[in-house]
Amino acid sequence: MGRVSKLSRSVSGKVVLVTGAGSGMGEATAYVFSDEGAKVAAVDQNHEPVERVVSAISAAGNTAKAWACDVSDRGAVDHMVESVVAEFGGLDILVNNAGISAALPLESAEYDAAWARVLAVNLTAMTHTIRAALPHLRKSQSPRIINIASTEGLGATAGNSPYTAAKHGVVGLTRSLALELGREGITVNCICPGPIRTGMTEPIPEEMKERYARQRTALRRYGLPEEVAQMTLSFALPAASFLTGVAVPVDGGLTIRRA
Ligand code: NAD
């Protein structure tokens with residue numbers, strides 16, 4: 001009798017592009033994939049944070065390179081993706097993680113500008129990276145697209161409408177592209193993190209974080225960036241070949257609560 005399992009649980013040698021890799025969940029994702037032997041293209045809007053991440057990966061004896069790129073700039077994204085492919089010889093996994101927050105009410109004077117920027121970075125940018133990556137993903141044995149949405153992509157919080165709208169958009173984009181690209185064997189999934197300790201949530205005072213987590217999550221705590229990154233890795237495995245179009249909460253049980 002031959003081997004029972006035929007699908008690999010290794011990303012060793014795969015090329016993964018992670019946006020927003022200079023902080024938080026993107027940084028943790030870069031570490032988790034590099035620890036598993038993937039070649040990491042670490043992308044962020046500024047050089048310094050991704051250079052730091054790449055140095056840490058290189059010091060551990062793994063492979064990574066940094067790219068500074070504003071993912072909302074389509075031309076810059078095209079250029080960056082071509083440069084990644086020239087450096088690493090292909091692209092297997094795209095992790096769309098870069099994002100910004102903006103909590104402000106509808107009648108705020110800054111609403112129009114916040115809406116435009118949040119939609120551009122948190123949603124439209126994903127279409128830039130996906131379109132640029134597509135010709136290269138098509139050449140991969142196990143092409144994967146993983147988008148980082150939010151529990152705000154499944155439910156809503158008052159006074160956060162640009163962010164909530166963008167994250168609902170990420171869920172919709174994921175589902176539609178899963179159908180569009182499925183015939184080519186390209187899987188498209190998204191993760192909906194709950195409250196995670198990252199640069200984005202750092203300004204929230206500790207006591208407010210603890211109260212929120214105690215009241216809202218089953219696990220009664222904020223999550224850590226690696227806890228999301230490990231789920232991203234699971235979605236990226238060659239073995240995850242029949243999983244597409246899903247939006248999975250990684251939220252300590254936040255979305256199961258009725259009130
Ligand atoms: P973070 O602020 O620690 O990291 C975000 C990274 O994205 C930063 O390094 C930032 O420089 C980069 N970035 C922002 N705009 C960019 C642009 N235009 N081009 C390139 N890079 C850009 O925040 P995080 O919490 O790790 O956020 C990662 C993702 O997780 C985001 O999409 C965020 O919306 C989502 N998210 C976060 C939480 C949370 O509680 N922290 C919860 C749900 C979803």
Side-chain angles (χ1 to χ4, degrees), residues 17-32 41-54 66-81 84 94-103 114 116-129 132 146-157 160 162-171 173-174 190-204 208-210 212-213 216-217 219 221-229 231-232 247-252 254-255:
L17 191 164
V18 183
T19 69
S23 174
M25 283 179 251
E27 177 175 358
T29 303
Y31 295 147
V32 162
V43 178
D44 210 295
Q45 54 193 339
N46 299 313
H47 251 298
E48 193 278 324
V50 264
E51 290 292 0
R52 181 180 52 77
V53 171
V54 164
W67 276 266
C69 174
D70 177 347
V71 291
S72 70
D73 178 340
R74 182 155 181 219
V77 167
D78 287 346
H79 192 259
M80 176 272 291
V81 169
V84 168
L94 171 63
V95 181
N96 280 316
N97 163 83
I100 53 173
S101 66
R117 188 65 188 151
V118 169
L119 269 288
V121 175
N122 290 8
L123 179 58
T124 311
M126 293 193 183
T127 68
H128 300 332
T129 51
I146 299 134
N147 301 323
I148 304 302
S150 167
T151 46
E152 288 293 307
L154 303 170
T157 304
N160 204 19
Y163 188 82
T164 305
K167 294 302 188 180
H168 272 68
V170 173
V171 174
L173 178 73
T174 300
C190 71
I191 292 177
C192 298
I196 311 293
R197 289 185 182 276
T198 67
M200 190 175 279
T201 52
E202 220 240 307
I204 302 170
M208 212 185 270
K209 277 198 187 102
E210 279 172 21
Y212 180 86
R216 300 290 303 276
T217 69
L219 295 175
R221 63 174 176 85
Y222 261 56
L224 301 174
E226 186 184 339
E227 294 180 300
V228 177
M231 189 54 62
T232 303
V248 170
V250 180
D251 66 351
L254 183 132
T255 45

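When a ligand or atom number is given, it counts from 1 through the structure's own listing order. Given the structure is predicted, the values throughout are model-derived calculations rather than measurements. Position 1 is the first residue of the sequence, and the numbers go up from there.
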Any chance you could lay out the side-chain contact (heavy atoms from CB on, under 4.5 Å) test for L173 and V170, step after step, and finish with the verdict?
CA-CA 5 Å; L173 178 73; V170 173; 5.6 Å; no

Between M25 and M200, does a side-chain contact (heavy atoms from CB on, under 4.5 Å) hold up when you go through it step by step?
CA-CA 10 Å; M25 283 179 251; M200 190 175 279; over 6 Å; no

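If you check the side chains of T151 and D251, you find no donor sitting under 3.5 Å from an acceptor.
A 4.5 Å side-chain heavy-atom check between P225 and I196 finds at least one atom pair inside the cut-off.
The one candidate from V171, T232, I148 that meets the side chain to side chain contact (heavy atoms under 4.5 Å, CB included) condition with C190 is V171.
The 4.0 Å heavy-atom shell around ligand 1 contains residues G20, G22, S23, G24, M25, D44, Q45, C69, D70, V71, N97, A98, G99, I100, R117, V121, I148, A149, S150, Y163, K167, P193, G194, P195, I196, T198, G199, M200, T201, ordered by chain and number.
Atom CD of E227 is surrounded by more than 12 heavy atoms from other residues, nucleotides or ligands within 6.0 Å.
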